[in-house]
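To find a chain, count down the sequence lines: A is the first, B the second, and so on, and within it residues start at 1.
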Amino acid sequence: MTITSNASSDLTPQAQMVTVVVDGVAIEIPAGTLVIRAAELLGIEIPRFCDHPLLEPVAACRMCLVDIEGVPKPQPACAQVVSDGMQVRTQLTSPIAREAQEGVMEFLLLNHPLDCPVCDKGGECPLQNQAMSAGRPESRFEEVKRIFPKPINVSAQILLDRERCVSCARCTRFAEQIAGDPMLELLERGSMQQVGTAADQPFDSYFSGNTVQICPVGALTSAAYRFRSRPFDLVSVPTTCEHCASGCSLRTDHRRGTVTRRLAWDEPAVNEEWNCDKGRFAFTYLEQGRVATPLIREDGELRVASWPEALDFAARGLAAAKSHGVLVGGRSTIEDSYAYARFARVALKTDNIDFRVRDSSDEEAQFLRSSVAGTAVRTTYESLEKAPAVLLIAFEPEDESPIVFLRLRKAARGGTRIYSLGAVATRGLTKMAGTLIPAKPGAEASVLAGLTDQVRADLSAPGAVIMVGERIAGVEGGATAVLELARATGAAVTWVPRRAGERGALDAGALAGLLPGGRPLTDEDARGAVAAAWGVDSLPATVGLAGAPMLQAIKDGGIGAVITAGVELADFPDQALGRAAIEAAAFVVALENHHSAITDLADVVFPVAVVTEKSGTFMNWEGRPRPFTQTFKDALVMSDAVVLGMLASAMNVAIGASDVAGIRQELGALGTWTGARAEQPTTPAGQVVDAAYLVSTWRALIDNGVMQEGEPYLAATAHAVVAMVSAATAGALFNPVNVTVTGPLGSVTVPLQIGDVVDGIVCLPLNSPGCAIYRDLGVRAGQAVAIGGAV
Amino acid sequence: MTISEATRDQMRELAARYPKSRSALLPMLHLVQSVDDEVTTDGINACAEVLGITSAEVTAVASFYTMYKRKPVGKHHIGVCTNTLCGLLGGDAVFAALSERLGTGHNEPSPDGDFWLEHIECQAACTHAPVMTVDWEYMDDVTPASAVEVVDRLARGEQVASTRGPVIRDFKSTEHTLVYPLDGLVNEGEAVDAKMLAGLRLANERGFGTGGGGLMITSGLTPIITEHWDKADLYTIDGYRRVGGYQALTAALKMDPDAIIGQVKDSGLRGRGGAGFPTGMKWGFVPQNDGKPHYLVVNADESEPGACKDIPIMLANPHALVEGVIIASYAIRASHAFIYIRGEVPHAIRKVANAVEQARAAGFIGENIFGSGFSLDVVVHSGAGAYICGEETALLDSLEGYRGQPRLKPPFPAVSGLYASPTVINNVETIANIPYIMDRGVAWFRQFGTEKSPGFKVFSISGHVVRPGIYEAPLGITMRELLDYAGGIRGGGRVKFWLPGGSSVPMLTAEHLDTPMTYEDMAAVGTMLGTGTPMLFDETVSVVKAVTRWLEFYKHESCGKCTPCREGTYWITGVLEKFEHGHGSAAEVDTLVNLCSQIAGQSFCALGDAAATPYPAALKYFRHEFEAAMTTSADEQFNPVASYVFAEAATR
């Protein structure tokens, strides 16, 4: 009798190991591994086109045929699973494999135009490379090649040269399997098989650029990059995407001081090999509209000033003010945010600091201080993939954190149940086969308190996750209810901000009431430790102003001088208050890289570096540091931290290191707080506004955002701007084709779309062309609007 | 035209017929064509909306199948088979005459927009070559003059009857029938004609019976599936029951399903679709008690050039198929069966759909059949023009509403087939054998044929024979004997080359006429029994032209998935067309052999292998003709008119 142990608590079955021999070299690998992967592990590269490790095998291109002992016909290594004792001979040791591959290559090149000299892919082309390594020197083909009119637009951004295509179906499989946007398909058949779209529906996927990157030939190109350069003329630098909090690894390619393109880089733990089109294509802003020199206001007009003059001007202006406020936009690196956090407390001796240039609330601040800042990494992309259930609240991942969306979709395909609490079953939720938990804006907290037993049971399973978006700030009682639900179910709570810099700014202490590492400002020990580290006697001990109250104080004169960093006035939900505050401020110092409404109102403007001109770290939603290096090594533009250091000097204050290495050292030395955390919020659930129609809204991934300026092809792939309502709501409208939605500030008229929306809710994009609702309507999520049918 | 709400309701109803709604896509696209005489963008969008998929996904499917048109077809669709057999027997002349009459070319409408002309691939009516179709109804044995006359009469609004089907209506009506085959026309026209009865009548005349005793019967004619085809109402349930139909089912339902599988295994029945895989073994692969639904799918996509035995079976004896379907479903514990019939044969679809409805009305299909506890639904599904869907996994994809491209194996369909559930896919003739095996037993069945190829076969004999037609005979019969029944080669001529079972098997010559028609003996001479549907060509035929036409077919039918088949057929066809026109080269004679070897064994599915078959075999026996084609075109070597089967050929 065999004695078995019941003690094992390991839930993951141990993979059975098998030994396979490739080209005479044995390797022990888990059963189920594909031959092509086994060969890779041995450093043996089998040529391939359709194979992609993140896509399901199709074995269509037949390029990877290998010779397996005992099998009469050559087998595709990309679809053949290893078995114990299998003897595989690749093109390196088997004439059969070699000839099979040469034959396939000859076939692939038949109808290929061989236009490498004018093809964007030339120089980095798997077809070109493998034709050299696995092809015959001469083709025997003398017939007429198949030709197509070229190129065709499969979207405004993506162009297709069909005659270059080898029908590997990577792009179409990506669209279907990864992005969930099967709008790019193989059409026709036989030798006329070609990639294409429906007649009237372009490939407007947020992830379309990935198809260009994984195309193993030059068939797919982007309008933005087509004919821009040769790959071998480019200098490549690994970097981190600055757009959202997903934290993608990217590769920036540049030439002669200009970024020519950006690619998704391989980061299995984060973005795998994908990124979104905003991260890929939105980089023209790096060069356009830049502030070139310091500016100071003289006789009511901004004029160019030297750095010493501007620094002196700013120092005097700040000194003259009795009280100060610091607004750090959500785009700063951890290092820059830390510099602001320290500058505010040490140089300005104030705790009036906030990174949330968006809708925000005290409840949210309490939630962030108590439950997010300085916490250890708990939920990751990888744990999402294994989660039994995920509940999304105030969060539309496809728009607000697209790589989170891709991972959630992957999880859902693997069995994870996705729930979204909100007013709309979005396209993204449908693609994740998710379930909407309907809640009118304003009712989220009460709906959270009354979830069904099924949902609560799912969230009680080990590994379940509650993902909270930045819009939780606009949900009264929302964060409180989330924390209550987490306590009741044991589910992990993770906060997914939209902007790349927010999570880092939080941990760097760029929020009133919070010092670096999640230290509560009100905690004497925490305050003392930071003061000691910073070499000052004391730090402000009372929690400063943040959010709308800070703006109100500036407007009312309670705060005299303001420092802004990466702030757009249009980002304040109450735009009138934002503008009035900045206009009313006695003295405004703007550290900005672009001219904007803020710089127009500032008294001093300091130019600061964009991401390609500095190094730094973004902390993504997981809490994972995503460091990046300076793309342009000879860039002379200074980072915010350096400018702040100079400004502090001009004010005769020492604020410590201003270089990235020095700041990282300081942050490392401080570490994270292990003491008592700030109090959790206890805000009662909010009420639904009593009105016929309420707004549900968030920012579309591709919209009016200033970092997308100068990218017309990207803009043209934005999702259609529509007002989405339920069929019942539409049925009550006078003209259910276009609707005019009216708020206190005005109206927008947009096409109506019927969807799975809670009755009485009209869902509008927050800041899209023709529909910028803070500005145009003067409302935010959950507020009442009027709707009228319009022609 | 926009798709009306009524049509959308019909689409929704179609979607509800299937376990997964997307399976309804092919019928839905036929429905679009029954409304708009083409697949319009509106139609595509309506399908997408109803099924909850993207328009691109619908477009991908619509553009894969040749029956779906992107321009208005007009009132009538005119098809002329110009595949090797029909084409060389006169289809080329028929097409030319129609092209001149209609003032249009291939896959184009006539200038007045009333007619659409298309040269089509094999219509499974090779015994009736050359074949024309009007709105996909058969017009058999046409000549250029008779074909033009058909068009003239249609143009004048006169009534034209199909040769084996109802009076011609119009294209849109046929498309409607493909969706709703219970169109009331099942009794119209005579579906069984003299050619389909050729073997039976001869057997009756000469007194050949169904054999007896325990001998290995390998000669003579043995009408079994075809035994009662001369009874006018055999296609009805009453006619079928009058000759003993559904007795086997009644008995089978009292048996243990495993015992049925055992009996089919013991019979040694091998698949009649071409590969010859043992049927009982295939059934035995289906895992039992796995908690998943099981499916039976009948492959009625008969499209192999030269094969025309499944369509005749469905036209003449559809209940044998239906009874076999019910028994097979019971055996493999399937409660859902699908009969996937190529879309180009509306009358066969009518007959089968009618048989299914009659069987349902009689209680053979439905819930708890005769108190057995066994329930079954049978769906008749129309294809839309794709030879590749005869490949079983491509058929499954097609039946699920996708492009008909083959799937990776493993997993095999027996484990993960339709809707990823265990599935058995059998050919029509295979299934039609089942009632007889169950009714008459293993010993009876095994008295026919050989040890390795037991049973009998519905041979369709076509080409330059005096009496092309259906001849049912035991396996193991020689081609010489079959040829004798078919009256020999016309005009006392000689066999130049022949193919035992479709264009996908290597050709043979007169020296092989005495080889027994069995799986094993055909393999021994380097070919395959295939579909068991011999095509014979006399000495008037250019091998170069025949092979070129077959390669054009494979190029046209390549699904495009894998490189060797997609690109290889493109290349080889181009080279062969040069030979056909007398512009080949010595180097290319050998290059073609090499190209075929670059396809065979390296393509994704057997279609690629098949495409690599005709040329090497032809070269083996007729190298001199290819060498001659370096300078002399096929038509100069062989006057094409000489190979036509109609009298007026001589005058052209």
Self-check item: Leading residue by heavy atom contact count with chain A [cutoff under 4.5 Å; candidates N594(B), I53(B), V61(B), T569(B)]
Solution: N594(B)
Quiz item: Are side-chain N/O atoms of T172(A) and E185(A) paired as donor and acceptor at under 3.5 Å?
Solution: no
Practice problem: Can you tell which part of P76(A) gets under 4.5 Å to a heavy atom of chain B, answering side chain, backbone, both or neither? | Solution: neither
Quiz item: What part of Y65(B) lies closer than 4.5 angstrom to a heavy atom of chain A: side chain, backbone, both or neither?
Solution: backbone
Quiz item: Given that the side chain runs from C-beta out, which part of L186(A) has a heavy atom under 4.5 Å from chain B: side chain, backbone, both or neither?
Solution: both
Quiz prompt | Pairing of D609(B) and K73(A) as salt bridge, 4.0 angstrom limit | solution = yes
Self-check item: Electrostatic pair R89(A):E69(A) at N-O distance under 4.0 angstrom
Solution: yes
Practice problem: Please answer whether the main-chain N or O of L110(A) pairs with a side-chain N or O of H112(A) as donor and acceptor at a distance below 3.5 Å. | Solution: no
Practice problem: Heavy-atom pairs under 4.5 Å with chain B are the metric here; pick the option from E176(A), M192(A), Q75(A), R136(A) that has the most. | Solution: R136(A)
Quiz item: Mind checking whether Y615(B) and F626(B) have ring centres under 6.0 Å apart?
Solution: yes
Practice problem: Answer yes if the side chains of E391(B) and T393(B) hold a donor-acceptor pair under 3.5 Å, and no otherwise. | Solution: yes
Quiz prompt | Contacting region of V58(B) [heavy-atom separation from chain A under 4.5 Å] | solution = neither
Quiz item: When the ring centroid of Y387(B) is compared with that of H556(B), is the distance short of 6.0 Å?
Solution: no
Quiz item: Using a cut-off of under 4.5 Å for heavy-atom pairs, which of Q405(B), R407(B), E557(B) has the most such pairs with chain A?
Solution: E557(B)
Quiz item: Relative to chain B, which segment of V81(A) carries a heavy atom at a distance below 4.5 Å: side chain, backbone, both, or neither?
Solution: neither
Quiz item: What residue in A175(A), P182(A), A79(A), A199(A) has the most heavy-atom pairs under 4.5 Å with chain B?
Solution: P182(A)
Quiz item: Any idea which of A48(B), A62(B), C565(B), G568(B) has the most non-hydrogen atom pairs under 4.5 angstrom with chain A?
Solution: G568(B)
Self-check item: Segment of E188(A) engaging chain B (4.5 angstrom heavy-atom cut-off)
Solution: both
Quiz item: What part of F64(B) lies closer than 4.5 angstrom to a heavy atom of chain A: side chain, backbone, both or neither?
Solution: both
Exercise. Scan side-chain atoms only and decide if T717(A) and Y206(A) contain a donor-acceptor pair under the 3.5 Å cut-off.
Key: no
Quiz item: Is the NZ or CZ atom of R22(B) positioned over Y402(B)'s six-membered ring, under 6.0 angstrom from the centre and within 45° of the axis?
Solution: yes
Practice problem: Give, as side chain, backbone, both or neither, the part of S597(B) having an atom under 4.5 angstrom from any heavy atom of chain A. | Solution: neither
Practice problem: Between chain A and each of I44(B), I599(B), V575(B), count heavy-atom pairs under 4.5 Å; write down the option with the most. | Solution: V575(B)
Quiz item: Are D51(A) and R37(A) ion-paired here, with the side-chain N under 4.0 Å from a carboxylate O?
Solution: yes
Practice problem: Report yes or no: is the cationic atom of K20(B) (NZ for Lys, CZ for Arg) closer than 6.0 Å to the six-membered ring centre of Y419(B), at no more than 45° off its axis? | Solution: no
Self-check item: Side chain, backbone, both or neither of A386(B) within contact of chain A (heavy atoms, under 4.5 Å)
Solution: both
Self-check item: L595(B) portion near chain A, given a 4.5 angstrom heavy-atom threshold
Solution: both
Quiz item: Salt bridge or not for R140(A) and E588(B), using N-O below 4.0 Å?
Solution: no
Exercise. Between chain B and each of E143(A), E106(A), E142(A), count heavy-atom pairs under 4.5 Å; write down the option with the most.
Key: E143(A)
Self-check item: Partner chain B: residue of P74(A), A60(A), G103(A) with the largest heavy-atom pair count (under 4.5 Å)
Solution: A60(A)
Exercise. Could you have a look at G52(B), P406(B), A600(B), S558(B) and say which one has the most heavy-atom pairs with chain A under 4.5 angstrom?
Key: S558(B)
